[in-house]
Structure formats: C-alpha cells, structure tokens
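Structure first, then comments.
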Amino acid sequence: MLACLERGAEPPVSLPDLLSWCRERPVADWPVDLPAEAAGPDDLLLDPESSRPTELCYEWAEQFSDSALVLYDREIIRAALRLCREYGEEDAYTEFRRLLVTRPVLTSAEEWAVSMDHVLDPVKELLRRIYRPVPDSYLRGDVYATCGRCLTLLTPLPDGGWWCERDRCRRRGRPPVGRRIAKEEAGELLQLARPLRQFVTGPGRAEMQLEGRLTALGLKVRMWPAYDAYDVHVTFPTAGCGRWT
C-alpha cells in the first residue's frame, strides 16, 4: 500500500481487494518497482481458478521469508547428503532422491513399506519430517487424485475439474487424473512439503524421464552418483561413459 501511495497510485482498499489483485492482476502491472526479471507479463500471485498461491508466490516467499524457512529444500538435500556420507551409503542417497521424485504422495501402507526399506535407513528420520498429512481440501467426496503428469495431488475445482499446482503442467492444459485414492484406503495420506514438491519433485521428473529413455536403449544409467556429484552417469556398450549435470 505504501509503495502505491508513494507513486501516487490507488492502492487496494481492503484485504479482499488485495486478494483480487493477487488473483486477477499480473504482478508486472502492479504500481511497484520490480526488477524486469522478477515476473513475467502474465504472472499472478494467486491462481485464478483455485485461489492457491502460484509457484512464483512460493519462490518469493522462500527468498524473503523468515530465516528458519529460507532455502528449505536445499537444507533437506544437504542433510540427506550428510547423513548418507556418514553411513557410507551412496545408494541410500540415490534412493532418497528417487523417492522424492517418483512418490511425492504416500498412503499409510506405502509409508509403512518405505519405513521397512533398509536401504533408506540413513534418512528415515528425515523422511518422517518431510512427508506431511494431507488436508481434506484435496478431497472430492471421499477420493483424492494425483496428476498423471507430475504425480502431485490435484485440487478439486467447483466446476468438477481439477487444478495442478505445477505452473508448467497447467500450461499444457487441464491435468490428466493419474491415481485415484479412496480416503478409507489411504489411511493417513502424506505428501512432501511444498518446497520439495516444487524444487525437487518437479525438476526431477525430467531427469527420471531421461533415465527411462536411456535405459530403454539398453544403456546402463546411474542417477545422482557419487553423492550427487552430477545428475546422470551413462555407460555405453564400448565401455565409455557420459556425464550430465
């Protein structure tokens, strides 16, 4: 509001009006001084369909939030690296990363199976911290649904459709429904904390797709080897190798 007044512009007149700005008015059109690269011409802080924070909003919150919350996703990854190095278990770190990318949502039965996976022993306590109970706002009737593209939980919309939290996914159109999980079968449904879904699960989907394609060609692929020294190690039939970061 102060920024608007200093520029002689009319500020939001109330909290509902401010929320309307966040949902309907691109940030680039706000009467505030922002770096040119801070936001695109159509970027909003709240999604107009679901009224949930956009990825841009979460990115800004992470950059300027309380110091205890800054760079949460990176702190978790660093903690996992440290624990796995202390145990001398490189495979534990690889499986930890794979879990975060391929299984951002866990039913009670799946969480129990993960807890019994001894490969993940070095990071078990960390996993208990980062998988959190899912609120009922994700339910349609008594069913949860995941996105068929990015695997995260979908939010039900009043028109009967579903909303995906991933900006890149929404740009491809309405999300395809992947898993449907009945509430009574899910037990206590868990999902990764939002920063990890956004900055680990999302980007990691491309890495996993690359792994699948290379493996289908008959190549030997290692993901995040040498404690994440680089992203992908590929061994070719001639015994040569390639690395991608």
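Throughout, residue positions are numbered sequentially from 1 according to the sequence presented. All figures in this text were calculated on a predicted structure; none of them were measured in a lab. Atoms considered below: every heavy atom in the structure, side chains included; atoms not considered: hydrogens, waters and symmetry mates.
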- Co-membership, hydrophobic cluster, residues Leu139 and Leu106, 4.5 Å side-chain: no
- Item | Minimal non-hydrogen separation, Pro195 against Asp73, with atom names | O-CB, 3.9 Å
- Decide if atom CZ of Arg25 counts as having more than 12 heavy atoms of other residues, nucleotides or ligands within a radius under 6.0 Å. yes
- Query: To the nearest 0.5 Å, how far apart are CD in Glu184 and CG in Asp142?
  - Reply: 6.5 Å
- Message: Under the rule for side-chain hydrogen bond (donor to acceptor under 3.5 Å, both in side chains), what residues qualify as partners of Lys183, not counting sequence neighbours?
- Response: none
- Can you find a pair of side-chain heavy atoms, one from Arg205 and one from Arg168, that are under 4.5 Å apart? no
- If you look at every heavy atom in Lys124 and Ser115, which pair is closest and at what distance? NZ-O, 2.8 Å
- Over all heavy atoms of both residues, which pair between Arg132 and Tyr72 is shortest? Give the atoms and the distance, please. NH2-OH, 3.2 Å
- State the OG-CG distance between Ser108 and Leu190, to the nearest 0.5 angstrom. 6.5 Å
- Task: Begin with the C-alpha distance, continue with both residues' side-chain angles, and end with the deciding distance and a verdict on side-chain contact (heavy atoms from CB on, under 4.5 Å) for Glu207 and Trp224.
- Result: CA-CA 10 Å; Glu207 296 170 341; Trp224 311 291; 3.1 Å; yes
- So does Arg78 have more than 12 non-hydrogen atoms from other groups sitting under 6.0 Å from CZ? yes
- Message: Let me confirm one number: the CG-CZ distance from Asp167 to Arg172, rounded to the nearest 0.5 Å.
- Response: 13.5 Å
- Task: Start with the C-alpha distance between His118 and Asp121, add both sets of side-chain angles, then the distance that settles side-chain contact (heavy atoms from CB on, under 4.5 Å), and finish with yes or no.
- Result: CA-CA 5 Å; His118 294 300; Asp121 279 351; 3.4 Å; yes
- Side-chain contact, heavy-atom cut-off 4.5 Å: Leu83 with Glu125? no
- Please round to the nearest 0.5 Å and tell me the distance separating atom CZ of Arg140 and atom CH2 of Trp162. 4.5 Å
- Intermediate values then yes/no, side-chain contact (heavy atoms from CB on, under 4.5 Å), Arg166 and Gln198: CA-CA 7 Å; Arg166 294 286 298 164; Gln198 182 165 340; 4.1 Å; yes
- Message: Tell me the closest heavy-atom pair linking Tyr144 and Val134, and the distance in Å.
- Response: CE2-CG1, 3.8 Å
- Where the side chain of Arg170 meets the backbone of Cys164, is there a donor-acceptor pair that is under 3.5 Å apart? yes
- Query: Does Ile77 share a hydrophobic cluster with Met223, counting links as ILVMFWY side-chain heavy atoms below 4.5 Å and allowing steps through other members?
  - Reply: yes
- State yes or no: do Leu196 and Tyr138 share one hydrophobic cluster built from I, L, V, M, F, W and Y residues joined by side-chain heavy-atom distances below 4.5 Å, directly or via other members? no
- Item | Exceeds 12 heavy-atom contacts within 6.0 angstrom, atom NZ of Lys220 | no
- Task: Go through the steps to decide whether Phe96 and Leu126 satisfy the test side-chain contact (heavy atoms from CB on, under 4.5 Å), and finish with yes or no.
- Result: CA-CA 10 Å; Phe96 173 81; Leu126 197 59; 4.0 Å; yes
- Lys/Arg N to Asp/Glu carboxylate O, Glu86 vs Arg82, below 4.0 Å: yes
- So, Gln191 side chain and Pro104 main chain: donor-acceptor pair closer than 3.5 Å or not? no
- Query: Just how far is it from atom CZ of Arg194 to atom OG1 of Thr201, taken to the nearest 0.5 Å?
  - Reply: 10.5 Å
- Nearest-0.5 Å distance that lies between atom CZ in Arg97 and atom CG in Asp228: 4.5 Å
- Task: Grab the two heavy atoms, one from Leu120 and one from Ala92, that are nearest each other, plus how far apart they are.
- Result: CD2-O, 3.9 Å
- Over 12 foreign heavy atoms within 6.0 Å of CZ, Arg85: yes
- Message: Between Phe236 and Leu210, is there shared hydrophobic-cluster membership here, with clusters defined by ILVMFWY side-chain heavy atoms closer than 4.5 Å?
- Response: yes
Identify each donor-acceptor pair in which a side-chain atom of residues 146-161 lies under 3.5 Å from a protein atom, sequence neighbours left out, and give them as a table.
| unit_1 | atom_1 | unit_2 | atom_2 | d |
| --- | --- | --- | --- | --- |
| Thr146 | OG1 | Arg179 | N | 2.9 |
| Arg149 | NH2 | Cys169 | O | 3.0 |
| Arg149 | NH2 | Gly173 | O | 3.1 |
| Arg149 | NH2 | Arg174 | O | 3.4 |
| Thr155 | OG1 | Arg52 | NE | 3.2 |
| Asp159 | OD1 | Gly161 | N | 2.8 |
| Asp159 | OD2 | Arg174 | NH2 | 3.2 |

- Item | hydrophobic_cluster_shared for Val101 and Val123, side chain cutoff 4.5 Å | yes
- Specify the closest pair of heavy atoms between Leu127 and Leu100, including all atoms of both residues, with the distance to one decimal. CD2-CD1, 4.3 Å
- Is there side-chain contact between Pro175 and Trp163, with at least one heavy-atom pair below 4.5 Å? no
